[in-house]
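What follows is a set of notes on a single structure, which appears directly below.
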Amino acid sequence: MIIVIKNQSPEKQVNNLISWIESQGLRVHVSQGEYNTVIGLIGDTTRIDAELVSGLEIVENVTKISEPFKKANRKFHPEDTVIEAGGVKIGGGNFCVIAGPCSVESEDQILEIATSVKKSGALMLRGGAYKPRTSPYDFQGLKAEGIDLLMHAKNLTGMPIVTEIININHLPLFENVDIIQVGARNMQNFELLKELGRINKPILLKRGLANTMKELLMSAEYIMAGGNEQIILCERGIRTFETFTRNTLDLSAVPLLKDLTHLPVVVDPSHSTGISKLVEPMSLSAVACGADGLMIEVHNNPARALCDGAQSITLEQFKKLNGKVNKIISALKD
């Protein structure tokens, strides 16, 4: 249930209403907008008389919410949420390109890529230190050393870093990481999500391989229910019967999620297709359909990459792509 408060209502009356709601055993989520205040009720709202509340002088209207996700719901929070990490903003009209290799392989590799993608316009650096791989024989990442190398690249370029966590026991190593990524395989690792809800750090939550948008939002709700409301959603393709691509990029998810939730939505065109030549057209399509950002795999030598070289674009290709991305962003503003 949400209660919309009339503009310029006396603060004392609003606080009295909130106190009364909390006395009924409910939690309250307050969203202060430019023109009105929205009070979201979380819990068993059957004990609240909607007609009684709607009759109050300060109340504009009362609406019951049927969706199971509450805090992530745009009805609770009509205005776009803007996530800020390391001085860079995502959401609310702030477009962000996150670029870097699938895996951190060496100091020379990550520093060369970081320096180049920043020069080409990337605002954040991505790179895997811990890599969940389908085969136990594949490269699993440099682990703690990989995070140290990412921090070195951050200190050199000033770019905030994004890297994936696969085990909650590793959390102390992520203290200086700007955005913690939860990968597709861990989207419904609920114990991990609950722990991430207890920290004060942005989380980039990827959609699972075969998960619905509702399930993605419910996973976001797990984190937000713990108190951490700094969530970025990522569409990275879902598994279908198609075999020509690694996954099927569901671009319809972008405008639908933007309608359902106030959280920023970014698109990963690399994992979704698995084919480097498809990264550019899918990136441009993602921008055109309203994404708040892109997460792109870039490598200085894709042919020799230790992980996912087939879907990584070169430094020069990224430079050209980012130029086209900026043109579409400008066109959409006109």
Side-chain angles (χ1 to χ4, degrees), residues 80-105 107 109-131 141-166 170-183 196 199-206 220 223 228-234 236 263-271 283 286-287 291-300 312 315 318-319 321-322 325-326 329:
D80 289 343
T81 286
V82 178
I83 304 297
E84 184 170 354
V88 176
K89 295 180 179 180
I90 304 177
N94 300 284
F95 192 88
C96 178
V97 176
I98 306 167
C102 176
S103 294
V104 179
E105 300 170 5
E107 181 176 3
Q109 175 241 22
I110 191 62
L111 294 184
E112 180 182 354
I113 295 172
T115 303
S116 179
V117 296
K118 181 182 181 181
K119 186 177 180 181
S120 296
L123 298 179
M124 291 191 182
L125 175 68
R126 62 144 293 145
Y130 291 88
K131 296 301 300 180
L142 296 179
K143 302 178 174 58
E145 181 187 354
I147 293 181
D148 289 340
L149 292 177
L150 283 170
M151 292 304 303
H152 187 10
K154 175 183 176 179
N155 293 333
L156 177 68
T157 63
M159 281 196 297
I161 57 175
V162 183
T163 192
E164 181 176 357
I165 190 169
I166 61 174
H170 299 155
L171 189 56
L173 298 171
F174 286 71
E175 183 178 354
N176 295 315
V177 170
D178 297 281
I179 297 179
I180 298 177
Q181 175 185 315
V182 175
L196 294 176
I199 67 173
N200 182 28
K201 190 182 291 289
I203 308 297
L204 189 146
L205 180 64
K206 284 197 166 188
I223 301 172
N228 185 359
E229 300 187 3
Q230 303 174 80
I231 314 296
I232 303 164
L233 303 176
C234 181
R236 46 81 67 209
L263 300 173
V265 180
V266 303
V267 171
D268 179 346
S270 304
H271 278 93
S283 295
V287 178
D292 294 298
L294 294 169
M295 192 173 190
I296 301 174
E297 291 194 358
V298 184
H299 200 282
N300 54 344
S312 300
L315 302 176
F318 176 74
K319 180 180 179 180
L321 169 58
N322 210 40
V325 165
N326 290 330
I329 293 173

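Between the CE atom in M295 and the CD atom in Q181 there is a gap of 4.0 Å [rounded to 0.5 Å]. In this structure, I83 CD1 and I231 CD1 are separated by 7.0 Å, a value rounded to the nearest 0.5 Å. Distance CE/M159 to CG/L150: 10.0 Å, rounded to 0.5 Å. Taken from CG in L205 to CG in L196, the straight-line distance is 9.5 Å, to the nearest 0.5 Å. Atom-to-atom distance recorded for F318:CZ and I113:CD1 is 11.5 Å, nearest 0.5 angstrom. Note that the CG atom of L204 and the CD1 atom of I90 stand 7.0 Å from one another [nearest 0.5 Å].
Listed by chain and residue number, nothing satisfies the side chain to side chain donor-acceptor pair (under 3.5 Å) test with E84 (two or more places apart in sequence, or in another chain). Applying the ring pair (Phe, Tyr, Trp, His ring centres under 6.0 Å) test to H170 and every residue at least two apart in sequence or in another chain returns Y130. With sequence neighbours excluded, the residues forming a side chain to side chain donor-acceptor pair (under 3.5 Å) with D80 are R74, listed by chain and number. Scanning for side chain to side chain donor-acceptor pair (under 3.5 Å) contacts around N200 gives Q230, with sequence neighbours left out.
Between the side chain of T157 and the main chain of A114, no donor-acceptor pair closer than 3.5 Å is present. Judged purely by atom type and a 3.5 angstrom limit, N322 has no side-chain atom pairing as donor or acceptor with the backbone of K319. Without hydrogens or angle criteria, D178 side chain to I161 main chain gives a donor-acceptor distance under 3.5 Å.
Considering all non-hydrogen atoms of both residues, K206 and G183 come closest at CB-C, 4.1 Å. G92 and D292 get closest at one heavy-atom pair: N-OD1, 4.3 Å. Listed here is the closest heavy atom pair of P160 and G86: CG-O, 3.7 Å. The shortest heavy-atom contact between A85 and P202 is CB-CG, 4.2 Å. In this structure, G127 and T163 approach most closely via the heavy-atom pair O-OG1, 2.6 Å. For the pair G91 and V82, the tightest heavy-atom approach, listed with the atom from each and the gap, is O-CG2, 3.5 Å.
Each side-chain hydrogen bond (donor to acceptor under 3.5 Å, both in side chains) pair with one or both residues in residues 96-105, not counting sequence neighbours, appears once here: E105-H299. Here side-chain hydrogen bond (donor to acceptor under 3.5 Å, both in side chains) pairs that include residues 112-129, with residues two or more places apart or in two chains, are E112-N300.
Looking only at side-chain heavy atoms (C-beta outward), I180 and I199 come within less than 4.5 Å of each other. Between L125 and K154 the shortest side-chain heavy-atom distance does not fall below 4.5 Å. Side chains of D268 and I98 form no contact here, defined as non-hydrogen atoms less than 4.5 Å apart. Side-chain contact check for L315 versus V298: some heavy-atom pair is nearer than 4.5 Å.
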Hey, mind stepping through F95 and N326 against side-chain contact (heavy atoms from CB on, under 4.5 Å) and telling me if it holds? CA-CA 10 Å; F95 192 88; N326 290 330; over 6 Å; no
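The residue from T81, V265, I179 that alone fulfils the side-chain contact (heavy atoms from CB on, under 4.5 Å) condition with I232 is I179.
Enclosure of atom NZ in K201 by more than 12 non-hydrogen atoms of other residues, nucleotides or ligands within 6.0 angstrom is indicated.
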